[in-house]
Amino acid sequence: MDIRVRYAPSPTGHLHIGNARTALFNYLFAKRKDGTFIVRIEDTDTERNVETGIESQLDHLAWLGITPDETIGQNETHGPYRQLERLDIYRQHAEALMEKGLAYKCYCTKAELEAEREAMREAGEDKLHYSRKCLGLPDQDKPYAIRFKVPNESTYPFEDIVKGDVRFSSDDIGDWVIVKQNGIPTYNFACAIDDHLMEISHVLRGEDHITNTPKQLMVFDAFGWTPPTYGHMTLIVNTHGKKLSKRDESILQFIEQYRALGYLPEAMFNFIALLGFSPDAEREIFTPEELVERFDERRLSTSPATFDAGKLAFINNRYIKTLSLEATVALCRPFLEEAGIGQGQDDDWMESLVAVFKDRLSYGKQIVNLYDDFFNRPFAIEPDAMEIITQTGVDELIRAFTRLVEQSTTLDADTYKALIKDAGNATGMKGKMLFMPIRIAISGTMHGPDLPKMMHLLGRDVLIERLEQTLTIRETSDK
RNA sequence: GGCCCGUUGGAGAAGCGGCUUAACUCACCAGCCUUUCACGCUGGCAUUCACGGGUUCGAAUCCCGUACGGGUCACCA
């Protein structure tokens, strides 16, 4: 059997991390099995559609490296791929069901249904199912929706790729609407019809869809079709265990946001692939090719996948480290320019800046924070570092080094390195007691980037200023 | 409330009946390397898998119950 899978977003906005995960896993599944990856647009909620929604979805998918084999304007063997262009198809199928007595027209208004549900709620009913009061009514000249007549006492079992045996009882499902009053089908109806007509073999989707599965199975049953194999992937939750909510602004959830911050697409691909899937390996960094190779639907996790921003930062940092200096400069430059950093400086300076921070960079825009923290922070020495600064001989060392800097005419990283050495020779300081006081004197901290490079970047004036400040701080505190 | 699902260290996450005195990654700590830092390397970091019972020669792994967390019950997708 041909493997055909689909990613079926509604064009309601930007690409969400959860949808990206669904798209990615379907893509991996298809590529792994030499199948076809289809993108279908589910735009049946006309009120929520966004004009540029389709374009935006495809664009961000492409950025991630996820490209459809079949979609709008591309290998249209099973089109159209936009549900609003398939209205006739759904209409015909709904008619067919009504003829068979498996569906019926419902003339209830929204208000009536609301009242009906409210009454049931007050009566303490668990199941707020539609009363079926329109079932068997003669045709009327009023607007109507079409409902599926859910069979009694049927069970809908299926073997879920992720969850194993799952079954639902039809008694828990009320007669649901398959075609809305506006003539547009509902999600579950359109989805089932399309999955059949597009010959979808496997449906990998989020677990929030699992209760939709029996409804879709009913449609397959009603037409005598064979349903696809379903797999429901775990939800992506935040660190508090809650499903990622698009309204939660404490977590960046749209691919576009990461793209704008200078995250790398391969790193995002890597990170997202680990959301509910774990390759059989003792590492976490994988190229897209490796992920395709290693993807195994049997290794999809059953417990919720936690969105761990720290891990994303780690993965992206690992990818940035493998970049060439030129590529990293290219990544950072727009953010630096936007922040007005490096104006009047030459390309060498910008390259030095990036070189100094490259290894600690988690995303492109972070260069701005690192820069600010390094240059614009009021100079202070952290408590741990004071212990070293106050040791005897340190003042002499700093004075000696300051003098050398003042006297030197050429000041590049290599010169600074030599000057440190000279200061050591002049004062008898060496090893940690040579480098550490100087490091602290110019950065205020014991940890940081390469010392000579850092000095070069800081520039002679700031350097001398900080060295002098350090002496002052030392004198006023060492008692 | 009904129906589904989940619960492993500071964090992520493997393991799905004996090979586990619970992998790996991140974070943290220590040592080595480097005249500093970072990188890299080595070692440390859960006697224990939400809790209670059961099945078994043997359970993190199977069963039942409890607690907690989550999903879903629309003319949204």
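Reminder, nothing fancy here: chain letters follow the sequence lines and each chain counts from 1.
Heavy atoms of K163(A) sit under 4.0 angstrom from primed sugar atoms or phosphate atoms, though from no base atom. In this structure, D450(A) reaches the bases: a heavy-atom distance under 4.0 Å links it to at least one base atom across the strands shown. Nucleic acid contact class of T302(A) (heavy atoms, under 4.0 Å, all strands): sugar-phosphate only. Heavy atoms of P304(A) sit under 4.0 angstrom from primed sugar atoms or phosphate atoms, though from no base atom. Residue T445(A) is out of contact with every strand shown, counting any heavy-atom pair closer than 4.0 Å. L128(A) comes within contact range of no nucleotide atom at all, as no heavy-atom separation falls under 4.0 Å. Across all strands shown, H209(A) has heavy atoms under 4.0 Å from base atoms, whether or not it also approaches the sugar-phosphate. Within the nucleic acid shown, L235(A) comes within 4.0 Å of sugar-phosphate atoms alone, with no base atom in reach, counting heavy atoms only. A305(A) comes within contact range of the sugar-phosphate backbone alone, with a heavy-atom separation under 4.0 Å but no base atom that close. Nucleic acid contact for M446(A): sugar-phosphate only, since backbone atoms but no base atoms lie under 4.0 Å from a heavy atom of the residue. Contact annotation for N212(A): base contact, defined as any heavy-atom pair under 4.0 Å involving a base atom. Residue contacts for K243(A): at a heavy-atom cut-off of 4.0 Å it reaches the sugar-phosphate backbone alone, with no base atom in range. At a threshold of 4.0 angstrom between heavy atoms, the contacts of S301(A) are confined to the sugar-phosphate backbone, with no base atom among them. Within 4.0 Å (heavy atoms only), G310(A) reaches no atom of the nucleic acid at all.
For rU61(B) and rA50(B), the P atoms lie 8 Å apart once the distance is rounded to whole Å. Separating the C1' atom of rG6(B) from that of rC16(B) is a span of 15 Å, rounded to the nearest Å. Rounded to whole Å, the separation between the C1' atoms of rG18(B) and rA13(B) comes to 24 Å. Taking atom P on both rC39(B) and rC45(B), the two are 22 Å apart, rounded to the nearest angstrom. A gap of 26 Å separates the P atoms of rG44(B) and rU36(B), to the nearest Å. For the P atom pair drawn from rG15(B) and rU56(B), the interatomic distance equals 28 Å after rounding to whole Å. Separation of the P atoms belonging to rU21(B) and rG58(B) is 16 Å when rounded to the nearest angstrom. Between rG43(B) and rU25(B), the distance separating the two P atoms is 11 Å to the nearest Å.
Residue K180(A) places its side chain closer to rA77(B) than to any other of rG2(B), rA77(B), rC26(B). Of all nucleotides listed (rC76(B), rU36(B), rU35(B)), rU36(B) comes nearest to the side chain of R439(A). Taking the side chain of Y187(A) as heavy atoms from C-beta on, and the options rC5(B), rU36(B), rA77(B), the nearest nucleotide is rA77(B). Listed nucleotides: rA77(B), rC4(B), rC75(B). Nearest to the side chain of R147(A): rC75(B). For F435(A), whose side chain is taken as the heavy atoms from C-beta onward, the closest listed nucleotide among rG15(B), rC37(B), rU35(B) is rU35(B). Set against rA13(B), rC5(B), rG6(B), the side chain of S278(A) has rA13(B) as its closest nucleotide. Ranking rG2(B), rC4(B), rU36(B) by closeness to the K127(A) side chain, first place goes to rG2(B). Nearest to the side chain of R117(A), among rC75(B), rA77(B), rC5(B), sits rC75(B). Listed candidates were rA77(B), rG12(B), rC75(B). Nearest to the side chain of A145(A) is rC75(B). Side-chain atoms of E207(A) lie closest to rC5(B) of the nucleotides rC75(B), rU36(B), rC5(B).
With salt bridges taken as basic N to acidic carboxylate O contacts below 4.0 Å, one links R474(A) and D395(A). A salt bridge is absent between K110(A) and E112(A); no separation between the charged side-chain nitrogens and carboxylate oxygens falls under 4.0 Å. Electrostatic pairing of D412(A) and K417(A) does not count as a salt bridge here, judged by no charged N lying under 4.0 Å from a carboxylate O. In summary, R399(A) and E396(A) do not engage in a salt bridge, as defined by a charged side-chain N under 4.0 Å from a carboxylate O.
Remark: C1' of rC73(B) and OH of Y156(A) are 17 Å apart, rounded to the nearest angstrom. One can place CG of D308(A) at 15 Å from P of rG10(B), the figure rounded to the nearest angstrom. For the pair I173(A) CD1 and rA74(B) C1', the computed distance is 14 Å after rounding to whole Å. Atom-to-atom, CG of D172(A) to P of rG1(B) comes out at 16 Å; the value is rounded to the nearest Å. The distance from atom OH of Y416(A) to atom C1' of rU36(B) is 17 Å, rounded to the nearest whole Å. Remark: C1' of rG1(B) and CZ of R121(A) are 11 Å apart, rounded to the nearest angstrom. In this structure, I251(A) atom CD1 and rA11(B) atom P are separated by 16 Å, rounded to whole Å. The distance between atom CZ of R283(A) and atom C1' of rG12(B), rounded to the nearest whole Å, is 18 Å.
The aromatic rings of Y230(A) and F158(A) lie perpendicular to each other, with more than 60° between the two planes, well past the 30° mark. Relative ring orientation between F307(A) and Y258(A) is described as tilted, the plane-to-plane angle lying within the 30° to 60° band. Taking the six-membered ring for Trp and thresholds of 30 and 60 degrees, H16(A) and F254(A) have ring planes more than 60 degrees apart, a perpendicular arrangement.
Remark: rG18(B) base-pairs with rC57(B). Criterion, Watson-Crick or G-U wobble with two distances under 3.5 Å. Nucleotide rA23(B): unpaired (no Watson-Crick or G-U wobble partner with both distances less than 3.5 Å). For rU66(B), the paired base is rA50(B) (Watson-Crick or G-U wobble, both distances below 3.5 Å). Using Watson-Crick or G-U wobble geometry with both donor-acceptor distances under 3.5 Å, rC45(B) finds no partner in any strand shown. Base pairing annotation: rC3(B) forms a Watson-Crick or G-U wobble pair with rG71(B), both donor-acceptor distances under 3.5 Å. Pair check for rU35(B) finds none; no Watson-Crick or G-U wobble contact set falls under 3.5 Å.
Side-chain nitrogen and oxygen atoms of R360(A) include none within less than 4.0 Å of the OP1 or OP2 phosphate oxygen of rC39(B). In this model, the phosphate group of rA77(B) is approached by a side-chain N or O of T44(A) to a distance below 4.0 Å at OP1 or OP2.
Take the nearest nucleotide of RNA chain B for L451(A) and for S303(A): the residue whose nucleotide is more 5' is S303(A).
With hydrogens and angles left out, the side chain of D208(A) and the base of rA77(B) share no donor-acceptor pair within 3.5 Å.
Side chain of S56(A) to backbone of T52(A): no donor-acceptor contact under 3.5 angstrom is found.
Figure legend: cation-pi geometry between R21(A) and F25(A), with NZ or CZ positioned under 6.0 Å from the six-membered ring centre and within 45° of its axis.
Each of D194(A), T44(A), T186(A) was compared with Y90(A) under the side-chain hydrogen bond (donor to acceptor under 3.5 Å, both in side chains) criterion, and only D194(A) meets it.
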